[in-house]
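Letters go in sequence order (proteins before strands), and every chain restarts at 1. When reading the values below, keep in mind they use all heavy atoms of this one structure, side chains included, and skip hydrogens, waters and symmetry mates.
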Amino acid sequence: MRYWSILFAVAAVFSVGAFVYAPFSADWWLPNVAGDPYHVVSTFGKEIDSLYFIILGITGVAFIGTQIVLVWVQYRYVDEIGPDGKPTRPAQYFHGSQRLEVVWTIIPAAILVFLALYQMDTWASIKLRSATPRVPVLAEITGRQFQWVIKYPGPDGKLNTADDLFTVSDLHFVKNQTALIQLKSSDVLHSFFLPQMRIKQDAVPGMTIPVWFDADTAGHYELVCAELCGWGHYKMRGHVTVHETEEEFQKWQADQLAEQNRSQLSMASESQGR
Amino acid sequence: MGADLTANGSHGAAAVPAGGDDHGHSDGHDHIHPAPSNFLSKYVFSHDHKIIGIQFLFSGLIFFVLGGLLAMAVRWQLAWPWKPVPILAKALWSHPALGYQMPPEDYNKLFTMHATIMIFFVVIPLLTGAFGNFLIPLMIGARDMAFPKLNMFSYWFMWPAFIIITYSFFVEGGSAEAGWTSYPPLSVFRWSTPGSLNGQTFWLLALLFAGISSLMGSINYITTIVMLRSPGMKMFRMPMTVWAMFITALLQAFALPVLTSALIMQLLDRTAGTNFFSPVGHTVANSPPVVGGGGPLLFQHLFWFYSHPAVYIMILPGMGIVSDVIATFSRKPLFGYKPMVLAIAGIAGLGFIVWGHHMFQSGMNPQLGATFMLSTMMIALPSAIKVFNWLGTMWGGRIQYTSAMLNAMAFVAMFIIGGLSGIFMAATPVDMHIHDTYFIVGHIHYVLFGGSTFAIFAGIYYWFPKMFGRMMNERLGLIHFFLTFIFFNGTFFLMHIIGMHGHPRRIADPTAYEFLRGAGVTGMNQFMTLSAFGLGLTQLIFAYNFLSSLVVGAEAGPNPWNANSLEWSTASPPPHYNFETLPRVYHAPYEFSVPGVEADFVPQTVPLPRNITLDPVMA
Ligand code: HEM
Ligand SMILES: [Cu+2]
Ligand SMILES: [Cu+2]
């Protein structure tokens, strides 16, 4: 009967094993740039990942410790009947220990308070409005079933003027620059999630929420909707392009604006023709 | 009076009225009601807490089957997106033009109804409804609940809920699909998604009825525990199960009104044109803009103010059950009985001030996030204390590997994982990445399946003999446990990994995103789905064991496990009036292996030997 402990041990080994194996497979690990699975591209991402590793370490030790004790007591304190038909080992009779109780309250409490305080700074610098970077707004992004409507200020740098550029689910910004967006929703809740930059913020009707992030590697990334928003929630995907240089971004913007004007003109002439 | 009692002669319990009790506790409640004589009043509209408990047990298990089937359909879609679900597809999605594919809105319905049914129609009714009703009067030495008729109503108010939630699958637009959290505006605007057409209204009504049922139950539990304990049953002599039920009932009673108000407000928003949860100026689908509105976050605050405590409503009774089971099968006193009670109370108290941890990324003021994070970290503490105490109880014991004990130990092992993953989410910056991903789904299932469900199994294996007078088949029980434990871990553990990889929850097709298209994610999804099917099939063993043991199980006798608490001091199943005379209680129910006592247990009705003095802080 004591071999039931093996079943519990196997489960613990499987759990630990999954996390030990994970770093060896890009698919099993924190999402990062294609081709370089251990390189998180954003400043916040680095802080969040290191916090994640600290917690993984602490919880890992706690997990392995408690599982070892569990498996050990299961193995050791099994009920065995001796040849005389009586238990070979009677159970001990004790009701607890105040000293132990105090020890295993204080140690976890200290660790948890440490964790709570340790991460406050990161949280503050990512989310508090007072930490909003003093940079011009990159874009206003409005979640809508089932796309991200993105409005860039255009060359004049001001939103809601004639040269605003509109894109659908196509987010562009420049490497090593803090991108600041204003997040809105026009119908239901959505959630703006950049897995490779570890950024998540719900878009709430009636609120405008500033969100900021950056990336140290140019390339293509993904924008996910992480809040259930209706039947098409699964496909509310956005493309993210991080440009190598400011010029590249400006050129993209100019091209898009030209395209946008052309289509507006053709629409206007079409309606005149009718 | 005595004549009425003999109606219940079948179990051989001598029908002696308790009128002549010598103790002074008789505030009118130790008189014995006549046993019901016809089928309807005995098994259907019964006032007897034991029958009501068993009614909840059967209802909950039936809904467990439905919830499980829905889960398997969800898993199918995740592993093989848009491939017709075997067997079910032709029946449910009989649209050959779509190739019998599951439409994405139906995927949303499946996970919404799966979660709703599991939480509100399986776990809560089983833990509080079935075990609470059956056990509380028996364990505290009472003849019935304080309000037997209210108790009957608490079960019968579940029926409108059962009927409405089942019917909702067939209304226009189909069942609700806004998730079990039902956040507005998605749940409020009738055209936001098909399930919001009519299904959501039915969902709200079903939950309102289920809530009324719980409220009636909890009032009954509180009153019964405070008023009807038998002589000598001090609060600190109650079994942990009763303590847990008591605190759970308090949680219900305080939190449920808040959920009820939120549900009614949402119902009004949907039907009466109010705008509690829509901001000023909001329009959807060309509706006129809202004037004088509220906000979506209001609903989230109200919802989690109930539902955070509710997640503890789903685990505390389980903690009580496994405490009793572990002590009994370790043949050892529960380690730190009073600290355990305090830990439960601490979880309940803190449970009211941590609801905001579900809203870290919701747009709520991030300053609040910092406070909620601290309180959330603190709630890990009583959970840790409980785990250490369970380990302490087994340490130095004489462990008997019964099905009940194995399920209880699985509760401990799996609850550790659920508790530790909570710490990742409590760390607000880390939560930013893992919120609304499969990491959360992993956490939920380690506490709700690994925790609550293993506790339900432990409880059923443990108290089945008391409920039905027969034993369950141990061999089948062990096989069922073995496979459940393996498949459970196979189904849910890797969710932490894909969640960490960013796999969002509630998406019908993971391959819609490039970073989720890799062989690793796909492989893990398929592995989890196969395990889930294994898990589902394994429950057939349990169903067979449960049903066949009802008929052919060996006779149990009053105390098959040699346990101490009061329910084991009466016949199995207990007679209509529970106890011939109200038992007198001398100590807490955990006096196992007392030195100098021949048997390795001392029932609560038997005094301890004179030379034993109990530690006032621990016992
Ligand atoms: C006592 C047993 C526990 C139960 C029954 C439980 C249950 C749940 C459930 C059902 C959810 C998901 C709700 C949803 O659908 O969004 C959840 C989320 C959460 N739990 Fe637990 N939990 C338990 C223990 C813990 C512990 C010990 C911690 C902290 C150390 C914790 C921290 C969290 C956090 C922070 C979330 C929210 C995560 C997010 O939505 O981003 N939980 N829990
Ligand atoms: Cu969305
Ligand atoms: Cu969405």
[Y] backbone acceptor or donor facing [X] side chain under 3.5 Å:
X: Asp79(A); Y: Tyr401(B); result: no
X: His501(B); Y: Asp27(A); result: yes
X: Glu514(B); Y: Glu222(A); result: no
X: Gln98(A); Y: Met618(B); result: no
X: Thr193(B); Y: Trp231(A); result: yes
X: Lys200(A); Y: His435(B); result: yes

Spatial distance of atom [atom1] ([X]) from atom [atom2] ([Y]) [nearest 0.5 Å]:
X: Asp49(A); Y: His433(B); atom1: CG; atom2: NE2; result: 7.5 Å
X: Lys127(A); Y: Asn365(B); atom1: NZ; atom2: CG; result: 11.5 Å
X: Phe111(B); Y: Leu228(A); atom1: CZ; atom2: CG; result: 4.5 Å
X: Trp4(A); Y: Leu478(B); atom1: CH2; atom2: CG; result: 5.0 Å

For chain A, find which of Val188(B), Leu381(B), Asn489(B) contributes the most heavy-atom pairs closer than 4.5 angstrom.
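The answer is Leu381(B).
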Among Asp600(B), Leu406(B), Leu516(B), who wins on heavy-atom pairs under 4.5 Å with chain A?
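Greatest number of close heavy-atom pairs with chain A: Leu406(B).
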[X], part contacting chain A, at a heavy-atom distance under 4.5 Å:
X: Pro333(B); answer: both
X: Ser330(B); answer: backbone
X: Met500(B); answer: both

When you compare the side chain of Tyr93(A) with that of Ile612(B), does any pair of heavy atoms fall below 4.5 Å?
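Yes - at least one pair of side-chain heavy atoms lies under 4.5 Å apart.
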Would you say Gln300(B) and Val204(A) make side-chain contact, with heavy atoms under 4.5 Å?
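They are not in side-chain contact.
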Ring centers of Tyr221(A), Phe515(B) separated by less than 6.0 Å
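Tyr221(A) vs Phe515(B): aromatic centres not under 6.0 Å.
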Could you check whether Phe335(B) and Trp104(A) have their ring centres less than 6.0 Å apart?
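When the ring centroids of Trp104(A) and Phe335(B) are compared, they turn out to be within the sub-6.0 Å range.
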Which bit of Ala22(A) is near chain B, if near means a heavy-atom gap under 4.5 Å: side chain, backbone, both or neither?
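Ala22(A) touches chain B through side-chain heavy atoms alone.
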Less than 4.5 Å to any heavy atom of chain B: does that hold for the side chain of Arg89(A), its backbone, both, or neither?
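For Arg89(A), the backbone is the part near chain B, not the side chain.
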Is a donor from one side chain sitting under 3.5 angstrom from an acceptor on the other, for Glu591(B) and His95(A)?
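Distance-only check passes for Glu591(B) and His95(A).
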Look at the aromatic rings of Trp395(B) and Tyr77(A) and report parallel, tilted or perpendicular, splitting at 30° and 60°.
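Aromatic pair Trp395(B)/Tyr77(A) classed tilted.
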